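Predicted, not measured: the structure shown is a model, and the values here were computed from it. We count ligands from 1, going down the list as the structure has it; atoms in each ligand are counted the same way.
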Amino acid sequence: MATVLYPGSFDPLHLGHIDVIEQSVALFGNVIVGVMHNPGKPSGMFSLEERIEMIIASISYLPSVKVVGFEGLAVDAVKQVKAAFIVKGLRTGGDFEVEQQMAHTNHAVSGVRTVYLPCKPALVSISSRFIREIAQYGGDVTSLVPAPVASKLAKLFPPSSDKSRVRPAKRQK
Ligand code: PNS
């Protein structure tokens, strides 16, 4: 039994993230979901507090999971919570490239190791970016996110019918 840190921006949490959390619980025992800022994604949709609230509401059936917000480096968060290592989910080859670079860098500067978990094949196309985009236009994301996230998004962006979602763009002269 180990304690592991699963860091991410979770803006918002989706079913692919839930899969990684469930796999981590089954494999390692105690999981700390570290809600962090990704400097490469400066324009977030939800505040850190809102993201934490949605995750807590979505994983209440998993008692060995804690949700904590961190500012700063993931490797410092690992040390602060005395986690054994970092866990990351991999969807595609593109994810692997980015994660491999981060894992090597994190290890080089701190000695903290990263373990990758492959996402369920059915969930590999889900991304927070596309969820934000679809929800903002009033589209239906209920098949991609847990219920608490779906209801938060529906409040923020009330669902609209197909016809009212798309309109001709103004012609530019
Ligand atoms: O869900 P994301 O956006 O892919 O998560 C990326 C995240 C937040 C885990 C990453 O940006 C991160 O670790 N941020 C904290 C700052 C840090 O440790 N940077 C060093 C990277 S080598």
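Across every non-hydrogen atom of Leu117 and Ser24, the tightest pair is CD1-OG, 3.4 Å.
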Dump the pairs for me: ligand 1 N or O, protein N or O, distance under 3.5 Å, to 0.1 Å.
residue	atom	partner	partner atom	Å
ligand 1	1 (O)	Ser9	N	3.0
ligand 1	1 (O)	Ser9	OG	3.2
ligand 1	3 (O)	Ser9	OG	2.5
ligand 1	3 (O)	Asn38	ND2	2.8
ligand 1	3 (O)	Lys41	NZ	2.7
ligand 1	14 (N)	His37	O	3.3
ligand 1	18 (O)	Ala74	N	2.9

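Pairs engaging residues 71-93 under the ring pair (Phe, Tyr, Trp, His ring centres under 6.0 Å) rule: Phe28-Phe85 [sequence neighbours left out].
If you take CZ on Phe130 and NE2 on His14, they are separated by 11.0 Å, rounding to the nearest 0.5 Å.
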For residues 62-84, dump all side-chain donor-acceptor pairs below 3.5 Å to protein atoms at least two apart in sequence or in another chain.
residue	atom	partner	partner atom	Å
Ser64	OG	Gly29	O	2.8
Lys79	NZ	Ser110	O	3.3

Side-chain donor-acceptor pairs under 3.5 Å in residues 48-56, sequence neighbours left out?
residue	atom	partner	partner atom	Å
Glu50	OE1	Ser47	N	2.9
Glu50	OE1	Ser47	OG	3.4
Glu50	OE2	Lys152	NZ	3.4
Arg51	NE	Phe46	O	3.1
Arg51	NH1	Ser9	O	2.7
Arg51	NH1	Met36	O	3.4

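Residues Leu144 and Leu156 are members of one and the same hydrophobic cluster, defined by side-chain heavy-atom contacts under 4.5 angstrom among Ile, Leu, Val, Met, Phe, Trp and Tyr.
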